[in-house]
Asker: 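One structure follows; several queries about it will come next.
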Amino acid sequence: MTPAEATGQWVENFVIRHGLCPFAARPFGAGLIETTTCAEEGIEACFIFAITQVQGFLDKKQAEVETTLLVFASSLTDFGEFLDFVATLEDALEEVGANELIQLAHFHPDYQFADVPANDSGNLTNRSPFPVVQLLRVASVAEAVAGYPEVELIPVNNVAKMRALLGRL
């Protein structure tokens with residue numbers, strides 16, 4: 001199984017199955033989620049890959065691709081390094097104004113929320129088989145959350161769901 005396939009299975013069998021993202025099932029079922037794997041290993045090469053993918057994402061219509069998952073199959077394995085990478089990518093998007101069009105979400109095999117123990121089940125909400133940066137269209141996110149009550153409670157409810165599912169803190 002390729003990293004892209006493993007990530008797709010994770011989206012379907014974990015994220016959608018457990019309702020962690022109430023907005024994922026529709027684009028997944030419609031084939032509007034693109035998954036692209038970065039085979040690069042260096043931070044700079046990964047950054048160039050990500051920026052290139054951002055441009056490609058912006059060049060496509062929402063009706064073709066609503067969201068893109070960038071899978072880093074052999075890099076960014078250190079969680080701290082990954083967070084730094086995501087912050088740098090967000091800064092670059094902001095610098096050129098692309099943050100008005102793209103919002104990032106990120107997932108990692110070792111994801112750990114600040115001030116939460118590593119073994120806390122709540123961390124599972126953001127743990128993926130590989131480091132992943134998700135490119136979301138700001139307009140799509142705004143449209144999705146506009147009709148969703150108490151959208152700010154999604155992360156809180158997801159953590160509670162994982163803790164109840166696995167029964168450990």
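Residues take their numbers from the sequence shown, with the count starting at 1.
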Asker: May I ask you to test the S75-E40 pair for a side-chain heavy-atom distance under 4.5 Å?
Answerer: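 Of all side-chain heavy-atom pairs linking E40 with S75, none is under 4.5 Å.
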Asker: Decide yes or no on side chain to side chain contact (heavy atoms under 4.5 Å, CB included) for L124 and N158, but give the supporting numbers first.
Answerer: CA-CA 9 Å; L124 293 173; N158 285 346; over 6 Å; no
Asker: Is any side-chain heavy atom of D120 less than 4.5 Å from a side-chain heavy atom of F113?
Answerer: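 No - every pair of side-chain heavy atoms lies 4.5 Å or more apart.
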Asker: Are any of the side-chain heavy atoms of L89 and V133 separated by less than 4.5 Å?
Answerer: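 SC-SC contact between L89 and V133 confirmed.
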Asker: When you measure from the side chain of R137 to the backbone N and O of Q103, does any donor-acceptor pair fall under 3.5 Å?
Answerer: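 Absent.
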Asker: Would one find more than 12 heavy atoms of other residues, nucleotides or ligands at under 6.0 Å from atom CD of E64?
Answerer: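 Above 12, so yes.
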Asker: Got more than 12 heavy atoms from elsewhere within 6.0 Å of CD, E44?
Answerer: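 No, because the 6.0 Å sphere around CD of E44 holds 12 heavy atoms or fewer from other groups.
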Asker: Side chains of Y148 and I154: does their closest heavy-atom pair fall under 4.5 Å?
Answerer: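 With C-beta onward as the side chain, the pair touches.
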Asker: Any donor and acceptor pair, going by atom type alone, linking the side chain of R127 with main-chain N or O of Y111 inside 3.5 Å?
Answerer: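 A pair under 3.5 Å: yes.
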Asker: I'd like to check the ring pair (Phe, Tyr, Trp, His ring centres under 6.0 Å) partners of F57; sequence neighbours left out, ordered by chain and number.
Answerer: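 Not a single residue meets the ring pair (Phe, Tyr, Trp, His ring centres under 6.0 Å) criterion with F57.
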Asker: Just by distance, with hydrogens left out, do Q134 and T68 show a side-chain donor and acceptor under 3.5 Å apart?
Answerer: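 Note: Q134 and T68 side chains miss the donor-acceptor criterion.
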Asker: What residues, two or more places apart in sequence or in another chain, satisfy side chain to side chain contact (heavy atoms under 4.5 Å, CB included) together with E94?
Answerer: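 Result, side chain to side chain contact (heavy atoms under 4.5 Å, CB included) vs E94: N99.
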Asker: For the pair E5 (side chain) and T2 (backbone), establish whether a donor and an acceptor sit closer than 3.5 Å, ignoring hydrogens and angles.
Answerer: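 Pair found, side chain donor or acceptor close to backbone of T2.
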Asker: With a 4.5 Å limit on heavy-atom distance, are the side chains of L101 and V138 in contact?
Answerer: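 Counting from C-beta outward, L101 and V138 never come under 4.5 Å.
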Asker: For F72, which of F130, F107, F85 qualifies under ring-ring contact (aromatic ring centres under 6.0 Å, His included)?
Answerer: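 Answer to the ring-ring contact (aromatic ring centres under 6.0 Å, His included) test with F72 among F130, F107, F85: F85.
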Asker: Evaluate the side-chain proximity of D59 to Q55: yes if any heavy-atom separation is below 4.5 Å, no if none is.
Answerer: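 Yes. Closest side-chain heavy atoms under 4.5 Å.
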Asker: To check you understand the geometry: which heavy-atom pair defines the closest contact between Q112 and N123, and what is its length?
Answerer: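 Looks like CA-OD1, 3.4 Å.
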Asker: Do side-chain atoms of H106 reach the backbone of N126 as a donor and acceptor pair under 3.5 angstrom?
Answerer: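 Pair absent, no side-chain N/O of H106 close to backbone of N126.
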Asker: Which of parallel (below 30°), tilted (30 to 60°) and perpendicular (above 60°) describes H18 and F14?
Answerer: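 Judged by the thresholds at 30° and 60°, the geometry between H18 and F14 is perpendicular.
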Asker: Report yes if some heavy atom in the side chain of F23 is under 4.5 Å from a heavy atom in the side chain of V151; otherwise report no.
Answerer: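 Yes; the side chains approach each other to less than 4.5 Å.
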Asker: To the nearest 0.5 Å, how far apart are OG1 in T7 and CD1 in I33?
Answerer: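 Answer for the OG1-CD1 pair, T7 versus I33, is 11.5 Å.
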Asker: Apply side chain to side chain contact (heavy atoms under 4.5 Å, CB included) to R26 and list each qualifying residue two or more places apart in sequence or on a separate chain.
Answerer: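 In terms of side chain to side chain contact (heavy atoms under 4.5 Å, CB included), with neighbours along the sequence ignored, R26 is linked to L32, E66.
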Asker: Does the T36 side chain pair with the main chain of L70, one donor and one acceptor, at a distance under 3.5 Å?
Answerer: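 Checked: no pair found.
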Asker: Look at K60 together with E34 and state whether they make a salt bridge at an N to O cut-off of under 4.0 Å.
Answerer: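 So K60 pairs with E34 through a salt bridge.
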Asker: Can you name the nearest heavy-atom pair linking V159 to T125, along with the distance?
Answerer: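 Nearest pair, atom of V159 first, then T125: N-CG2, 3.8 Å.
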